[in-house]
Protein chains: 2
Amino acid sequence: MKLDTRLSLVLHALLHMAGHGRTMTSADLALCMDTNPVVVRRTMAGLRRAGLVRSEKGHGGGWTLGRELAEISLRDVYAALGSPAVFALGNHTESPGCLIERAINDRLDGALREAEALLVARLGELTLADIWSGIADPFMAHQQRRKDHSHDQ
Amino acid sequence: MKLDTRLSLVLHALLHMAGHGRTMTSADLALCMDTNPVVVRRTMAGLRRAGLVRSEKGHGGGWTLGRELAEISLRDVYAALGSPAVFALGNHTESPGCLIERAINDRLDGALREAEALLVARLGELTLADIWSGIADPFMAHQQRRKDHSHDQ
DNA sequence: CAGAATCGTAACTAATAAAGTTACATGAAA
DNA sequence: TTTCATGTAACTTTATTAGTTACGATTCTG
């Protein structure tokens with residue numbers, strides 16, 4: 001089944017924005033993420049509505065972070081996307097008349113809800129700053145060199 | 001995203017088989033489950049290979065349980081289906097060169113693996129007998145009446 | 001003010017996988 | 001030998017994200 005990769009996509013965007021340090025356009029981000037600027041804008045729309053990022057139109061416009069990395073949990077980002085369905089597994093009939101099917105739905109739903117609760121809790125424990133701090137030193141050095149160079153110009 | 005309802009479907013089939021007590025054809029099951037006999041056969045194929053059910057061709061053939069309800073956990077059934085993907089959420093790029101994306105994948109994968117492990121563990125704790133015993137008394141009585149009536153004939 | 005850069009969004013296409021359907025070969029019983 | 005079943009291939013349908021095209025609205029620059 002085809003996966004929903006929007007959470008992965010916007011997390012990638014947010015951390016590239018943090019690494020870049022300045023406004024990035026949808027086209028910049030699309031290049032980093034090997035996708036299309038419209039996909040970036042469409043997917044980031046929820047984050048803008050939630051205040052996690054800001055966007056500016058017009059010449060010199062683009063995307064900036066709306067909060068510190070440490071103040072954005074993965075759960076915040078997931079919620080800003082509209083809390084999309086976590087599971088690919090589901091019930092064959094959602095409100096069945098059959099008592100057998102209802103009993104099955106109840107049990108499966110129970111197990112799925114537990115797993116979803118654990119997942120969302122874990123996402124709530126992780127901030128963008130946690131991920132950022134885990135990124136390997138070589139990359140940090142690379143980013144730093146890029147910043148230094150751009151400041152020279 | 002469209003859901004994979006095969007687990008729900010075959011659990012429903014197994015418990016109807018248990019309730020019915022005798023061989024049921026794919027057409028019988030398809031009626032119970034409001035689907036197509038070919039969908040039943042296709043989906044049950046994995047359960048046959050795993051020994052959870054048996055099938056007989058030809059006149060008087062059909063499906064029978066291969067084990068006691070108490071000896072079949074939901075995890076067994078899930079595994080017999082080929083352990084289909086649990087999550088609708090996934091990584092945008094599975095093996096990215098970008099260090100940021102790798103860090104994101106690592107974190108997301110970790111959280112998803114934990115949630116999946118919990119789900120599979122819960123499925124392992126539940127047997128078909130557990131679900132069967134939870135089905136409301138009115139239905140049990142209904143099934144019993146049907147059995148008695150068919151024995152009278 | 002003209003023009004370029006940029007987002008916002010609608011509308012369409014592509015890709016994917018389960019579900020549903022049709023068709024037919026195989027096998028078993030009456 | 002006919003009928004009733006399963007087994008399976010192949011095709012259609014459906015739903016959803018991803019990708020693309022197009023264009024309007026906005027904002028900076030010269």
Side-chain angles (χ1 to χ4, degrees), chain A residues 1-10 12-13 17 22-49 53-64 66 78 81-94, chain B residues 1-10 12-13 17 20 22-50 53-64 66 78 81-94:
Chain A
M1 174 163 293
K2 203 172 134 190
L3 299 176
D4 177 351
T5 63
R6 286 176 294 180
L7 180 58
S8 164
L9 186 89
V10 294
H12 193 181
M17 286 162 63
R22 282 161 292 146
T23 297
M24 288 183 82
T25 67
S26 303
D28 293 337
L29 290 168
L31 267 181
C32 290
M33 299 145 78
D34 198 32
T35 183
N36 187 294
V38 177
V39 172
V40 172
R41 288 200 283 269
R42 183 202 288 154
T43 313
M44 297 281 278
L47 276 64
R48 174 171 21 83
R49 281 190 291 270
V53 296
R54 282 188 289 267
S55 65
E56 301 288 343
K57 286 181 176 177
H59 199 131
W63 300 89
T64 47
Y78 169 71
L81 289 173
S83 303
V86 168
F87 295 108
L89 262 37
N91 296 324
H92 189 256
T93 306
E94 214 45 65
Chain B
M1 170 168 295
K2 205 173 135 191
L3 300 175
D4 177 350
T5 64
R6 287 175 293 180
L7 180 58
S8 165
L9 186 90
V10 295
H12 194 182
M17 286 164 63
H20 197 71
R22 282 160 292 147
T23 296
M24 289 183 82
T25 66
S26 303
D28 294 336
L29 290 169
L31 267 180
C32 292
M33 299 145 77
D34 196 32
T35 183
N36 187 293
V38 176
V39 171
V40 172
R41 289 201 281 273
R42 182 202 287 154
T43 313
M44 297 281 279
L47 278 64
R48 174 170 22 82
R49 282 190 290 269
V53 296
R54 281 187 289 267
S55 65
E56 301 287 344
K57 286 182 176 178
H59 201 129
W63 300 88
T64 47
Y78 170 71
L81 290 172
S83 302
V86 169
F87 296 108
L89 262 38
N91 296 324
H92 189 256
T93 306
E94 214 46 63

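Reminder, nothing fancy here: chain letters follow the sequence lines and each chain counts from 1.
To the nearest angstrom, P of C:dA15 lies 18 Å from NZ of B:K2. Atom-to-atom, CG of A:N91 to P of C:dA18 comes out at 17 Å; the value is rounded to the nearest Å. Taking atom CD of residue B:E94 and atom C1' of nucleotide D:dA18, one finds them 16 Å apart after rounding to whole Å. Straight-line distance from the CG atom of B:L81 to the C1' atom of C:dA19: 14 Å, rounded to whole Å. Computed from coordinates, the A:L3 CG to C:dT16 P distance equals 12 Å when rounded to whole Å. The distance between atom CG of B:D4 and atom P of C:dG20, rounded to the nearest whole Å, is 12 Å. Distance, A:M33 CE to D:dG19 C1': 14 Å, rounded to whole Å. Rounded to whole Å, atom P of C:dA15 lies 15 Å from atom NE2 of B:H92.
Taking CD of A:E94 as the reference point, atom OG1 of B:T5 lies at 10.0 Å (rounded to 0.5 Å). Distance CE/B:M24 to SG/B:C32: 4.0 Å, rounded to 0.5 Å. To the nearest 0.5 Å, atom CG of residue A:L29 and atom NE2 of residue A:H12 are 9.0 Å apart.
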Contact state string [nucleotides 5-10 of chain C, B base, S sugar-phosphate only, - no protein heavy atom under 4.0 Å]: BBBBBB
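Judged purely by atom type and a 3.5 angstrom limit, A:S8 uses its side chain to pair as donor or acceptor with the backbone of B:H92.
In this structure, A:T35 reaches the sugar-phosphate backbone alone: every heavy-atom distance under 4.0 Å involves primed, P, OP1 or OP2 atoms, never a base.
Screening residues 27-48 of chain A for side chain to side chain donor-acceptor pair (under 3.5 Å), with sequence neighbours left out, gives A:T25-A:D28, A:R48-A:S55.
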side-chain contact (heavy atoms from CB on, under 4.5 Å) between A:V53 and A:V10, worked out: CA-CA 11 Å; A:V53 296; A:V10 294; over 6 Å; no
